[in-house]
Amino acid sequence: MQKQRRFAMTVLLLSTLVFALSSALWRGLDSGPGPLLAILCPLLMLLALIGQFSALLALAKRP
């Protein structure tokens with residue numbers, strides 16, 4: 001059980017980092033994002049959000 005909680009915490013932290021970095025990349029481009037970044041950044045943000053919610057659900061379970 002302790003390994004599962006540690007894994008969930010790692011997934012939560014990495015998902016938060018991916019979400020923040022892709023959001024900064026998506027919003028930080030001055031000349032407008034290219035077509036690849038316009039698709040890739042929101043998809044990465046969505047995957048990171050799903051990872052965050054699943055990790056939070058795993059951490060919310062009682063031991």
From [X] atom [atom1] to [Y] atom [atom2], the distance as rounded to the nearest 0.5 Å:
X: Leu49; Y: Thr16; atom1: CG; atom2: OG1; answer: 9.5 Å
X: Leu40; Y: Met45; atom1: CG; atom2: CE; answer: 11.5 Å
X: Leu44; Y: Phe19; atom1: CG; atom2: CZ; answer: 11.0 Å
X: Leu56; Y: Ser15; atom1: CG; atom2: OG; answer: 9.5 Å

For this session: Report the hydrophobic cluster partners of Val11, with the cluster defined as I, L, V, M, F, W, Y residues connected by side-chain heavy atoms closer than 4.5 angstrom, directly or transitively.
Result: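 So far as hydrophobic clustering goes, Val11 is joined with Phe7.
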
Problem set entry | Side-chain cluster (under 4.5 Å, hydrophobic types only) that Leu17 belongs to, other residues |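 Reading the cluster by chain and number, Leu17 sits alongside Leu21.
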
For this session: Go through the structure and list residues passing side-chain contact (heavy atoms from CB on, under 4.5 Å) with Leu59, not counting sequence neighbours.
Result: Arg5, Ala8, Met9, Leu12

